[in-house]
Each structure stands twice: as C-alpha cells, then as structure tokens.
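Structure, as structure tokens:
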Amino acid sequence: MIDVRLLRQDADAVRAGLARRGKPELLDQLAEAITLDIEVRDIGTRRDAIRARVNELSKQVGAARRDGNTAAADDLQKQSRELGDEEHSLAARADELQEQLRQILLRIPNVPHPEAPDGASDHDNPVVKGPLQMPASFTDQQRIPHWDTAARLGILDSERAVKLSGAMFTMPRKAGAMLSRALCQYALDMNADAYEEVRPPSLVTTATLTATGQLPKFADDAYAIERDDLWCIPTAEAPLTSLYSGEILDEAALPVRLMAYSPCFRREAGSAGRDTRGMLRAHEFDKVEILALATPEQAATMLIELRDRAERLIAGLGLPYRIIEICTGDMGQSHHRSFDIEVYAPGCDSWLEVSSVSWFSDYQGRRADIRYRRAGEKGTHLVHTLNGSALAVPRVWAAIVENFHQPDGSVVIPEALRRYMRGLERITV
RNA sequence: GGAACGGUGGCAGAGCGGACAAAUGCAGCCGCCUUGAAAGCGGCCGGCUCGAAAGGGCCCGGGGGUUCAAAUCCCUCCCGUUCCGCCA
C-alpha cells in the first residue's frame, strides 16, 4: 500500500508518481482515497472526543458508587448512556468508511522509482545489459522448438500431463525430470553462501496473499481452495515476504536474505491459447526465489545484488541472455523498480523472461506490517522488500534444450548441472 | 475428527467488572559504584493512531455482544498444548 500520510502531506508527489504508470483512472481512485481519508479522520476525531467523555463519566460513576452517592451515580450513568448511542453510530460510520478506504488503497499500485524508465508498454522496456553469450549464428538443430526435440528424446510427456490435469500442465520425464530438479539444486547451491534456505508452505491464507499484492486485485490469477480459505502460491515470494509479517526486527538483523524452492501455481486466466506448446507457460511450475528484507538505505544495493545473482545463474549455464529494465507502463502493481533477465531461445525465436528482480519499497512491508527498530531509537520503520526469481525452471529448461541441441540430435547438459544429474553429459534417444 | 485445558508486553508470568497499558522477574537502555567488568543501587523501559502542541483515542488471539465502565462476563471464529481417533 502507498503511504496515506504521504498522500495527505504531499498528494501532488503521489499523483505525479502514479501518473507515470499511464493509467488515468488511478488518479480518480487517488482523489476518492483523499476524500475518504479526510472524512474518516473527521468522524474519528468526533468519536474520540465522545469516547473520552464516556471514560471520564465512567470513572465518576465508580467514584460516586464507592462513596455511596447512588443518586449522583444514576444520573451520571444516564448521561453516559446517552452519549453511548451517538458514539456507536459514529464508530460504525468510521469503520465503514475506513474499510472503503482500505479497499481502494489495496488496489492502488506502488509509485515508481524516480530512475525507472518511462514507457507505455513492454515495447518500451530498455535493454540495460547484453545480449551476452550470443553466438554469431544458430544451427538448424538449434532452430527446432524444444517441444519437438523433447518429444523425440522422450523427456517431456505433455499428452499424459493433460490427461492427468488438463490443458497447460507439463510433465518432464527421465533426463527431463532430472534436468528440472538439477536446475533447482543448482540455483539453491549457488546462493547458499549468503541466503538462508526455506521450504515454505505452498498453500497460504488470504492475508498472506494480500500482503504481497496478489490479492485482492488479481484473485482470478490464483488458485483458490475455498473450503479452507487457502490459496495456492503463485510464487514463493508470498510466503517468504510474510515470514516476518506483524513483527518488529532489529536493524542489525537486516538485510534478511532468504531463498526457497517452491512449486508455483497460476491460473493464467488471461492467456488461454497462448504458449500452449512445450514448457513456456503452465499452471504449475518450479522456481527458486531469492528475497531480501532491507532498510531503505540498503535497498538500492540489494536490488543490484539480487539481479547480479540471478544473472550469474544464467551466465553459468552458458545461455544467451540480456537484461531489460521494466518501464513505468509495464510494471507490476507492487513494483517500485524492476529488471527482467531474458534468455534467447532460438527454437522459439524469442526472448524468454526467466527472472524478474524487483524492489517494492515499503509497499509490501506496509501491507505485511514488517517493521524494524534502529538501535537506541524509539519508534519503528517499515522494511523494504525485494525479491527475484533466481531461476524459473521451465523456460530455462526449454532454452537449454534448444540452445544445446547438437547436430547429432543430442542435447548437451551444461557442465554446471552434471553433478546434479548423476554425471549425465548429454541427453540422447 | 472428538475431549480437556489454554492464548496477556521482547520473553516468563500475575491480574479474572471500576484507580490496569496492565504487578513481578528476566532481558534492554541511562546513571552511580569500579582500574575495568560482574554483582549492588537509583531511574527509564510496548505498539498503533488523531493532533502544530497540550492532550485525546485504540490495542491483553480475531470478530461480535452485555454494561455507565470489559484483559476480566457472554457468543463465535482462529491458533496452541495434552489425550483419544485417523494417517504420509
């Protein structure tokens, strides 16, 4: 959530920031929020005044009863009771407006970072690094889509996956299954020097999914288990970010660095019919996420650290890649600043987003109520949250099958992964 | 799933209608003492929110209710522990 107090003190700054996202309706929502906020505070102040009077009278009633002054006590009680009714209706009104305000604020996106590039859509995302590790040309074999190669090698059984679970589910087999697992272990091991490994729950509460921003606005994109009021996580970002929700950390504990392997579940509500073949888009996939909770001062550096770590994984596999920065018009709701790492897949002839690294400023910290305390200081501050896919398995899997497809029809396993694949050097029929 | 007992500040743990933001202990902070430290002693020591400030309001698992007044009584939900059942 954006900061209501900032909205009060400097509404123009918030307006100007949100305007960069290029969605005019946001400014209307903002105006509505400002109006509601004023009204909520006005009613709240009146309610508090009555409340104070009731508290005062109650004390007097107690005193009068102790002194045996029954008549005076009865009179005071009567006065207080009358105030009670007025307080009740004011409180009810305040709660109602407060909730309305909250619902609006939950849907208002984060303000972009000043250095985030302006732009209207993904076409305006500038390439900030690369392409790197790009060969001068690609062979005929490399131009074969991974779904064809995978089918020939027997490492991807899409038909049976669909039989089991329906469209948009995948099922790697044999060396393909091993490759999926190897990528996860590789990503975890490469970050184990500084990141604590967590194995979070894959089902989380509504509150947890609201903290990171997936709810309430994007409920259609997530799998809901209504009977138990639980949701399947679309990314480990959700449980990892909320790990310390409602807690106050010592500044010395920051930055907190966490990583997790998890399955990710996405309904892909708006993308029926897109990327239906192969491993590019599925309702369930594996991912290793890296994440940090930081002070505002640490955050900018952390963003680069996370990006470098994500890059190092792709570079270490020998895949052609580039890094783009997300422009204001293409940013996710919670994002303050983000970068994507894209791998080139010659068979699909496209750049695949394999990692997204983002800084959320205090937007998620406020929703999740994660604060920290500076040593020797009174009061608390909201943490900044950052995270990135260390490695999203299926698209890297696809890129490996395409890029390392040899003229003899085999697929060479990147050196870095072989130790996780029982020494396998290449996949053959 | 059934039964019983619980959920209070960073932790431990009192309080069970009125003077309770809440005893006490530990931890923490400041000072004294000390060559230094420990121990001792004295003081401070929760969060949120409205307000320029003075000051006010809210928070004892969540929500609702009773009452002039609720940490305390009632309802409900959630969570925990133990026992039983079931089970990877």
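FYI, side chains are in, hydrogens and waters are out, and symmetry mates aren't considered; it's all heavy atoms of this structure. We name chains A, B, ... by the order of the sequence lines, and we start the count at 1 in each one.
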Partner nucleotide of B/rU81 by Watson-Crick or wobble geometry (both distances under 3.5 Å): B/rA4
Distance flag, aromatic centroids of A/His113 and A/Trp359, threshold under 6.0 Å: yes
Candidates B/rC50, B/rG56, B/rA69 - which lies nearest the side chain of A/Ala52: B/rG56
Check ion pair A/Glu305-A/Arg257 (N to O, under 4.0 angstrom): yes
Ring-ring centroid check A/His381 A/Tyr372, cutoff 6.0 Å: yes
Closest to side chain of A/Arg66, choosing from B/rC50, B/rG47, B/rA19: B/rA19
Contact under 4.0 Å: A/Arg371 side-chain N or O vs B/rC48 OP1/OP2: yes
Complementary nucleotide for B/rA37 - Watson-Crick or wobble, under 3.5 Å: none
A/Thr380 side chain near B/rC48 phosphate (N/O to OP1/OP2, under 4.0 Å): yes
Separation of the P atoms in B/rG25 and B/rG40, to the nearest angstrom: 12 Å
B/rA69 pairs with, by Watson-Crick or G-U criteria that keep both distances under 3.5 Å: none
Integer-rounded Å distance: B/rG18 P and A/Arg65 CZ: 14 Å
B/rG56 phosphate, OP1 or OP2, under 4.0 Å from A/Asn55 side-chain N/O: no
N or O in side chain of A/Arg51 less than 4.0 angstrom from B/rC58 OP1/OP2: yes
Rounded distance in Å between the C1' positions of B/rG47 and B/rA38: 34 Å
Side-chain N,O (A/Arg373) to OP1/OP2 (B/rG10) below 4.0 Å: no
Under 4.0 angstrom between A/Arg81 side-chain N/O and B/rC68 OP1 or OP2: yes
N-O pairing of A/Arg281 and A/Glu268 below 4.0 Å: yes
Closest nucleotide among B/rG57, B/rG18, B/rC68 to the A/Ser80 side chain: B/rC68
B/rC50 phosphate, OP1 or OP2, under 4.0 Å from A/Arg8 side-chain N/O: yes
Distance, P atom - from B/rG9 to B/rA3, rounded to whole angstrom: 29 Å
Whole-Å P distance, B/rU72 and B/rU81: 24 Å
N/O (side chain, A/Arg41) to phosphate O (OP1/OP2, B/rG51) under 4.0 Å: yes
B/rG40: syn or anti, per glycosidic angle within 90° of 0: syn
Partner nucleotide, any strand, of B/rC44 [Watson-Crick/G-U, under 3.5 Å]: B/rG28
Interatomic distance at C1', B/rC78 relative to B/rA39, whole Å: 46 Å
Any strand: nucleotide that pairs with B/rA23 via Watson-Crick or wobble, under 3.5 Å: none
A/His384 ring center near A/Phe360 ring center (under 6.0 Å): no
